[in-house]
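So the structure is just underneath, and the comments pick up after that.
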Amino acid sequence: MLVALHTPYVDSRAADLSLTLGGPELPALAVRDLDLPGGTRLRLRLLGASHQVVLGGLTETVACLPGRPPHLPDTLHDETVGYRFTATVLRPVGDGLRTRVAALRAELADDPYALVGVFPGDEDAVTALAVRPDPPGGTLAWRTWHAYPQTNELVLTETVVEEL
């Protein structure tokens, strides 16, 4: 689902992001509740400061959070709760960011397991989330993309969680 957001985005570059597990649901600009095959419920949330995914008692927030120093780890594995997270920052050359974001918008616009928000002022200012409805047995997985055209950065994250 592609949505036009009507507020400027808060974070301005990849280095402003941090990962937080737990905590409350923050005010959202758009929300998509999903019922996945197998009966699992998951909530995708676009924030003015990036995204949240809510799965049962797990809340993943990747955002620029006031009062919290930025820190987005390349990897985080917490096997005690079955959580694996990876993040990569890309700096495409030439028109690479524009090309990648256009393809992402086209690919996910009608995906029943995705939520894509386009911020005003630049069609390449995008935050997108997509759930894999059929990951390997016993897991759930989602990917996110955070595009920063002003710094030519694209942040990719991937999360895999053992079913709760």
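This is a predicted model, so every value here is computed, not measured.
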Shortest non-hydrogen contact from Val116 toward Leu108: CG2-CB, 3.6 Å

Identify the two heavy atoms, one from Leu154 and one from Arg100, that lie closest to each other, and give their separation to 0.1 Å. CD2-CD, 3.9 Å

Between His51 and Glu60: side-chain donor-acceptor atoms closer than 3.5 Å: yes

Keeping Arg32 on the side-chain end and Leu42 on the backbone end, is there a donor-acceptor pair under 3.5 Å? no

Strictly distance-based, threshold 3.5 Å: is any side-chain N or O of Glu162 a donor or acceptor partner for the main-chain N or O of Glu79? no

Are side-chain heavy atoms of Trp145 and Val126 found at a separation under 4.5 Å? no

So CG of Leu58 and OH of Tyr83: to nearest 0.5 Å the spacing works out to 6.5 Å

Within this structure, what is the OG1-CZ distance for the pair Thr151 and Arg91, rounded to the nearest 0.5 Å? 7.5 Å

Distance-only donor-acceptor check, side chains Thr144 and Thr157, under 3.5 Å: yes

Side chain of Arg45, backbone of Leu26: donor and acceptor closer than 3.5 Å? yes

Does Thr88 reach the main-chain N or O of Val155 with its side chain, forming a donor-acceptor pair under 3.5 Å? no

Verify, without hydrogens or angle tests, whether Asn152 (side chain) and Val93 (backbone) share a donor-acceptor contact under 3.5 angstrom. no

If you look at every heavy atom in Thr7 and Phe119, which pair is closest and at what distance? O-CD2, 3.3 Å

Hey, does the side chain of Gln52 reach the backbone of Thr59 with a donor-acceptor pair shorter than 3.5 angstrom? no

Measure across Asp111 and Tyr113 and return the closest heavy-atom pair with its distance rounded to 0.1 Å. OD1-N, 2.7 Å

Nearest non-hydrogen partners of Pro70 and Ala15, listed with the distance: CB-O, 3.1 Å

